[in-house]
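The block underneath contains the structure these notes are about, expressed in structure tokens.
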Amino acid sequence: MLAQRTALFKSPDSSWTAAEAASATSGQVIDLTAEEIWSELAPTVREGAIIAIHRDLNCPTGPVDLLQLREALARKISAETDQSWSADEIAVTSGPKQGLFNVAMALLNPGDEVLIPVPYWSTFPVQIGIAGGTPIFVETRHNNYVPKLTELAAAVTSKTKAIVVNTPNNPTGVIYDRVTMADIAQLAIDQDLWIIFDECYGAFAHAPYVHYSIISVAPHVRERTLIVNSLSKPLALTGIRVGYLAGPKTVISATKALQSHTSSSRDIIAQHALLHHLNSGDTAFQERLQLHVRNARALGLSILSTLRLVPTPAAQGGFYFYLDLSELRRRAKARGRELNIDDVVNVLLMDAGVATMSGTAFGDPAGVRLSYGIDLQLLEKGLRRLTATLNTWN
Ligand code: PLP
């Protein structure tokens, strides 16, 4: 008999549709589900890994991890937050997912509530549940996917411990503006909340939109904020499992203590590869990816603007288009038919040959997420198929 908590593990994961797509039609499907950019390894990262192997590096770095890497990350975070950070305020994690998990485990007591704007990246509520907390969902679709301060405040109870702030947002592609962030920061101060600030897509802000660290907007929230980030999205390194946390030393130490009993050290070759990249100061690869994503976004928006009953998505940051199918659903309902978003995703897969992510994975019954970090020709083909299919519905 499995532990009861395994029921919490069953939340949908983004890999589902991709796997189904691959097996369903053996390669005919264009996969718009990826949470990563498809790319070769950054030369600086490859070089760093090779040097580390040639140096025969093989010792565990312990739960505190490589000091030089934390120092390099401290310099990066200092530049991004306009404040000075030291290595002991930083933890290296096996990707940002582990960072988020460690934070939930370090902060939450059983029954503690955590506010999560909806739609949300599906891992947030699952991890909070595993840590014994209760996710409290706050809808945002009616406000262009930006949480309203009044609605966040109304959701706060005596049990509320934290709020998840994910900007640029997965899945909506929305970037919170400075006013929204300042408001959230003030709410956190007034209600004594932690802010779990996931800025994993921060390197992809599409002009005129700008991504800010919440700490640069409201410096006084630093003592109650945990920054979760990594280079896995900006450098297309999702297989090299290095992420990081930055925050108050007490929380960071607790996450390291937890990590010492779970995964222990992070991979030493991966840590050196990242350190080599950061020390190189070479931004060419990241800029190339950013350019690719910008081009993909422009191409995608021009195709998606031909959708008749679906608004053109915001796509302010990250590399996701999030389609709002509310109007199609409303029209179907007026004709006595329920348009289930999982069924829409299945039709797109089977009829149009395009794999997409259903909004139900993100707590939203009306959205479909399309990832555009892929090859431009494939993207164009996939989006043309998708728009042709959706435009036949009215
Ligand atoms: N945070 C957000 C908002 C994400 O979308 C993801 C992955 O898609 C992560 C964290 C985790 O990133 P990684 O896959 O590098 O662990």
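Numbers here simply count residues along the sequence, with the first being 1. In listed order, ligands and their atoms are each counted from 1. All values below were derived from every heavy atom in this structure, side-chain atoms included, with hydrogens, water molecules and symmetry-related copies excluded. Quick caveat: nothing in here was measured; it's all calculated off a predicted structure.
Interatomic distance, OG1 of Thr6 versus CG of Leu8, reported as 8.0 Å (0.5 Å rounding).
A distance below 6.0 Å separates the ring centres of Phe321 and Tyr372.
Among protein residues, Glu35, Pro96, Lys97, Trp121, Asn166, Asn170, Asp198, Cys200, Tyr201, Ser232, Lys233, Arg241 come within 4.0 Å of ligand 1, judged on heavy atoms.
Residues satisfying the side-chain hydrogen bond (donor to acceptor under 3.5 Å, both in side chains) test with Asn58, not counting sequence neighbours, are none. The salt bridge (Lys or Arg N to Asp or Glu O under 4.0 Å) test applied to Lys161 returns Asp112, not counting sequence neighbours. Listed by chain and residue number, Arg288 satisfy the side-chain hydrogen bond (donor to acceptor under 3.5 Å, both in side chains) test with Glu40 (two or more places apart in sequence, or in another chain).
The aromatic rings of Phe204 and His206 sit tilted, their planes meeting at an angle between 30° and 60°.
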